[in-house]
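Atom set for the values below is all heavy atoms of this structure, side chains included, hydrogens, waters and symmetry mates excluded. Every value quoted in this text rests on a predicted model; they were computed, and no experiment measured them.
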Amino acid sequence: MPYQHLASYDTELFGDAVECHVPPSADEVWLAYATYQWSEDEGTRRGHVGVLSLIPSETAEGGCTLDCRSRLETSGVLDLRWVPTSGALVSTEDHKIVTAQADGTVQWIRYSGGVKPSLRVDAKVQGPGDASALTLSVDVSQDGARVACSGSDGSIRMLDIGQAGPRAIYTQ
């Protein structure tokens with residue numbers, strides 16, 4: 001099947017994950033992306049989470065442009081997922097992204113669209129492993145109530161996203 005190149009965006013660091021979301025009643029597609037870079041010389045980790053908007057354009061080559069809506073610096077992100085709200089992403093102003101962080105945590109990041117789009121950390125919990133382990137991957141249940149995550153030490157954890165915030169309900 002032939003494909004058409006729509007648009008490109010330089011994330012500046014190694015792109016580790018990307019996830020697509022089509023907001024209700026929107027003429028655009030949102031791409032949440034994650035980057036991570038380890039500096040062996042400095043012994044530091046860095047990265048960011050960003051939201052791009054893929055917008056149809058009559059003038060762009062391929063018919064679309066990619067625009068960076070917002071970006072948040074972090075310790076480095078290895079995986080991410082859009083979080084459904086009440087089983088479906090329904091609000092155009094309140095979207096959440098769950099991330100697997102290089103510092104071993106799982107973070108819930110709120111994306112607020114509108115005139116001044118922004119990303120901010122809503123919650124942060126220790127991931128599946130010990131403090132030296134990286135959180136490698138995350139996945140969200142279809143109803144958005146639970147998050148599964150895996151660690152670089154071979155551990156897994158299931159988190160419940162309750163009214164009081166995320167809490168571990170299973171660790172192996």
For this session: Please check if the side chain of Arg45 supplies one atom and the backbone of Ser75 the other of a donor-acceptor pair under 3.5 Å.
Result: no
Exercise. Which one of Val83, Leu80, Leu159 satisfies the side-chain contact (heavy atoms from CB on, under 4.5 Å) criterion with Val98?
Worked result: Val83
For this session: Quick one: closest heavy-atom pair of Ala102 and Leu134, and the distance?
Result: O-CG, 3.5 Å
Seminar exercise, completed: Note: Ala133 and Ser152 closest approach over all heavy atoms is CA-OG, 3.5 Å
For this session: Please report the closest heavy-atom contact between Trp38 and Thr44, naming both atoms and the distance.
Result: CE3-O, 3.3 Å
Exercise. Among Asp122, Ile97, Val121, Leu72, which one satisfies side-chain contact (heavy atoms from CB on, under 4.5 Å) with Arg110?
Worked result: Asp122
Problem set entry | CG on Leu31 to CG on Asp67, rounded to 0.5 Å | 11.5 Å
Problem set entry | Student check: side-chain heavy atoms of Glu19 and Tyr33 closer than 4.5 Å | no
Problem set entry | Rounded distance (nearest 0.5 Å) linking atom NZ of Lys116 with atom CZ of Arg69 | 13.5 Å
For this session: Output the distance between atom OG (Ser150) and atom CG (Asp139), rounded to the nearest 0.5 Å.
Result: 10.0 Å
For this session: Calculate, to the nearest 0.5 Å, the distance between atoms CH2 and CG belonging to Trp30 and Leu52 respectively.
Result: 12.0 Å
Problem set entry | Cluster link Leu13 to Leu78, ILVMFWY, side chain under 4.5 Å | no
Exercise. Do Glu12 and Arg46 meet the salt-bridge criterion of a basic N to acidic O distance under 4.0 Å?
Worked result: no
Seminar exercise, completed: In short, Thr35 meets Gly15 closest at the heavy-atom pair CG2-CA, 4.4 Å
Exercise. Without hydrogens or angle criteria, can the side chains of Ser118 and Ser70 be said to hold a donor-acceptor pair below 3.5 Å?
Worked result: no
For this session: Could you give me the CA-CA distance, side-chain angles and deciding distance for Tyr111 and Arg120, then say whether side chain to side chain donor-acceptor pair (under 3.5 Å) is met?
Result: CA-CA 7 Å; Tyr111 173 66; Arg120 75 169 193 270; over 6 Å; no
Problem set entry | Atom of Ala34, atom of Val77 and distance for their closest heavy-atom approach | CB-CG1, 3.3 Å
Exercise. With distance as the sole test, does Ser141 use its side chain to make a donor-acceptor pair with the main-chain N or O of Ala145 at under 3.5 Å?
Worked result: yes
Seminar exercise, completed: When Thr99, Thr105, Val106, Ile109 are each screened for side-chain contact (heavy atoms from CB on, under 4.5 Å) with Lys124, the one that passes is Thr105
Exercise. Where is the tightest heavy-atom contact between Gly104 and Gln126, given as atom of each residue plus distance?
Worked result: O-NE2, 3.2 Å
For this session: Nearest 0.5 Å please: distance from the CG atom of Asp160 over to the CZ atom of Arg146.
Result: 5.0 Å
Exercise. Rounded to the nearest 0.5 Å, how far does CH2 of Trp108 lie from NZ of Lys96?
Worked result: 9.5 Å
Exercise. Using a distance-only test with no angle check, is there a side-chain donor-acceptor pair under 3.5 angstrom linking Ser155 and Asp153?
Worked result: yes
Exercise. Quick one: do Arg81 and Asp79 make a salt bridge, cutoff under 4.0 Å?
Worked result: yes
Problem set entry | Ser8 and Leu66, any side-chain heavy atoms less than 4.5 Å apart | no
